[in-house]
Protein chains: 2
Amino acid sequence: MTQSRPRIVPEATVARLAVYLRVLAGLADGGRSHVSSGELAAAAGVNPAGLRKDLSYLGPCGVRGVGYSVAGLQERLSAALGVERSRACVLVGMGRLGAALADYAGFASRGFEFVGLLDADPARVGDRVSGCTVRPVEELESVVAGTQASIGVITTPAEVAQSVCDRLVAAGVRSILNFAPVALSVPAGVDVRKVDLSVELQVLAFLDQQRDGGPPPVVVPVPAGAGGAR
Amino acid sequence: MTQSRPRIVPEATVARLAVYLRVLAGLADGGRSHVSSGELAAAAGVNPAGLRKDLSYLGPCGVRGVGYSVAGLQERLSAALGVERSRACVLVGMGRLGAALADYAGFASRGFEFVGLLDADPARVGDRVSGCTVRPVEELESVVAGTQASIGVITTPAEVAQSVCDRLVAAGVRSILNFAPVALSVPAGVDVRKVDLSVELQVLAFLDQQRDGGPPPVVVPVPAGAGGAR
DNA sequence: GCGACTTTGTACCTGCGTTCACAAGCGGTT
DNA sequence: AACCGCTTGTGAACGCAGGTACAAAGTCGC
Ligand SMILES: NC(=O)c1ccc[n+]([C@@H]2O[C@H](COP(=O)([O-])OP(=O)(O)OC[C@H]3O[C@@H](n4cnc5c(N)ncnc54)[C@H](O)[C@@H]3O)[C@@H](O)[C@H]2O)c1
Ligand SMILES: NC(=O)c1ccc[n+]([C@@H]2O[C@H](COP(=O)([O-])OP(=O)(O)OC[C@H]3O[C@@H](n4cnc5c(N)ncnc54)[C@H](O)[C@@H]3O)[C@@H](O)[C@H]2O)c1
């Protein structure tokens, strides 16, 4: 047995690793060969020490006094995130949001390929989106089986999201990205991530309202450094 | 001095409050007058005790032995989240994603109204999307000023996101929802929330890969209750 | 070849979020 | 009118994530 997985990586760290990987791609395009944690952290909008701690979960991958090798870090992060081999994805619900996602070049360039697009509306079936033909939702099981898709994306109306999810899971999909505003129930061993855009707006509205009512007429309650990014 | 703000609400709680509010809307449509924390928590996909703690930040708003009044909670949550008065939003970058967002009925029904749609592409200018005309990005400042928009949504390519952000902030927008894959720098007092869909997929890919490499040939390492939602 | 500087990697600490568990309060019932 | 069961609200403990500070280590300059 290899000792390759002595440390477990927190999920919050995994999300940031993906951000670092994207920033590294930009640096590589710019011809850079090395980066310091400070520079990388600034570009990613995080604390330098936190970035180093994130990277340390993968074992030592930098050189003290010099920084990190851009190419080396890219390879290390790609391996850790499982982006080495590209992942097959199926998308159910080719509405406005689903069409935007399926047609987005940023996914393919990061190793995510949509191998199945499904919709219940006969008017949508047959459309070609970025090299893939929309197929009737009845073929969900056969498409998943035939493509060995590992990720399912749900962009259907909320009412049918659970049933679509159940069918995806039954067909063998163990990772689901859900855009419908419902909490999906899945058996153990299946991972669901939910993107809820209404919630994002409402959090902003809350912060806005709190900001107006919050700070009394004191000067400015912000001691931290200028121009922070988030 | 009023004692109306003795408690501060954690941001993670605020996000869940928005979910509760949506679930309540569904219950109200179903004619329900009261709910227990257990039922609400199941529908929202969270822990019942956590839900009660979340609600307790707003002060006591339930009746012991009975549960929560659906209508009462809706009102309480709407007030806390600042959804009483509808919020004016401007969206910059009417591409595929921007068009899907601007045309989404779920925002308007929750009090978020797009009062300004902006794009740099002359071919897009003049399009009408859900009752609003796309205008050239040069008019950004006048649109923000004229509509008193409080929330800015950025769906432009990553390269121009920072400059668009700067113009929004300069025009008076203090809440920004960013879909471009870059970390935005903003002055203190401005809130930014970032939605990064590539990261969501990469986290799923990581979990998938970890799942395959993680559990050795033991039976099933999952003792917890069945059918958890997330 | 040696010293000093730079940058990583990590140990410690602080604060937040989540969960468990229990006491307080209200309605319904007899 | 008093009891009983149900549900809320909250106190305390736990675990985790983030930030600070420092020591190890390697390189560059002399
Ligand atoms: N568009 C947005 O900006 C936005 C924002 C937040 C959330 N959402 C959520 O994303 C989901 C999709 O939104 P949208 O705007 O694209 O809606 P949409 O109506 O444009 O698209 C939904 C698509 O799902 C298809 N569909 C319906 N039932 C189906 C089934 N059983 N199997 C397969 N396909 C089915 C429809 O034919 C349609 O093409 C909704 O749940 C919505 O709440 C969308
Ligand atoms: N579509 C997706 O599924 C998806 C997923 C993840 C992230 N994103 C991100 O969202 C953003 C938009 O994605 P998209 O697929 O809609 O791209 P798109 O190219 O379809 O749309 C971009 C729009 O922005 C406009 N634009 C360009 N420069 C502008 C400027 N300076 N001012 C105003 N408008 C300008 C363009 O004219 C175009 O209409 C990108 O940053 C992308 O990385 C999109």
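Chain A is the first sequence line, chain B the second, and so forth, proteins listed ahead of strands; every chain is numbered from 1.
For A:Ser37 and C:dT8, the shortest distance from a side-chain N or O to OP1 or OP2 is below 4.0 Å. For B:Asn47, a side-chain nitrogen or oxygen approaches OP1 or OP2 of C:dC20 to under 4.0 Å.
Within 4.0 Å (heavy atoms only), A:Gly50 reaches no atom of the nucleic acid at all.
Distance from the side chain of A:Pro60 is smallest to C:dG9 among D:dT8, C:dT18, C:dG9. Comparing atom distances between the A:Lys53 side chain and each of C:dA21, C:dC12, D:dG9 picks out C:dC12 as nearest.
Note: OH (A:Tyr20) to C1' (C:dT8) measures 15 Å, nearest angstrom. Taking atom CG on A:Leu58 and atom P on C:dG9, their separation rounds to 10 Å, with Å as the unit. When rounded to the nearest whole Å, the span between CZ of B:Arg52 and P of C:dA23 equals 15 Å. Remark: P of D:dT10 and CG of B:Leu51 are 14 Å apart, rounded to the nearest angstrom. As a whole-Å value, the separation of B:Leu55 CG from D:dT8 P is 9 Å. Summarising the geometry, the separation between CZ on B:Arg16 and C1' on C:dG17 is reported as 8 Å, rounded to the nearest angstrom. In this structure, B:Glu11 atom CD and C:dG17 atom C1' are separated by 13 Å, rounded to whole Å. As rounded to whole Å, 14 Å separates atom C1' of C:dT8 from atom CG of A:Asp54.
Near DNA chain C, meaning a heavy atom under 4.0 Å away, the residues from residues 67-82 of chain A are A:Gly67, A:Tyr68.
Formation of a donor-acceptor pair under 3.5 Å by the A:Asp166 side chain with backbone atoms of A:Ala170 is not found in this model. The backbone N or O of A:Gly93 lies less than 3.5 Å from no partner atom in the side chain of A:Thr156, so there is not a single donor-acceptor pair. With hydrogens and angles disregarded, a donor-acceptor distance shorter than 3.5 Å links the side chain of B:Gln209 to the backbone of A:Ala79. Between the side chain of B:Ser36 and the backbone N or O of B:Val66, no donor-acceptor pair lies under 3.5 Å. Within the 3.5 Å criterion, the main-chain N or O of A:Asp103 finds a donor-acceptor partner in the side chain of B:Arg96.
B:Arg110 and A:Ser198 share no side-chain donor-acceptor pair at under 3.5 Å.
Under the 4.5 Å side-chain criterion, counting only non-hydrogen atoms from C-beta, A:Arg16 is not in contact with A:Leu51. In this structure, the side chains of A:Gln74 and A:Leu21 come closer than 4.5 Å at one or more pairs of heavy atoms.
For B:Glu39, the side-chain hydrogen bond (donor to acceptor under 3.5 Å, both in side chains) test picks out B:Arg32, with sequence neighbours left out.
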Report, as a single string ordered 5' to 3', how protein heavy atoms within less than 4.0 Å touch nucleotides 25-30 of chain C: B base, S sugar-phosphate only, - not at all. BBS---
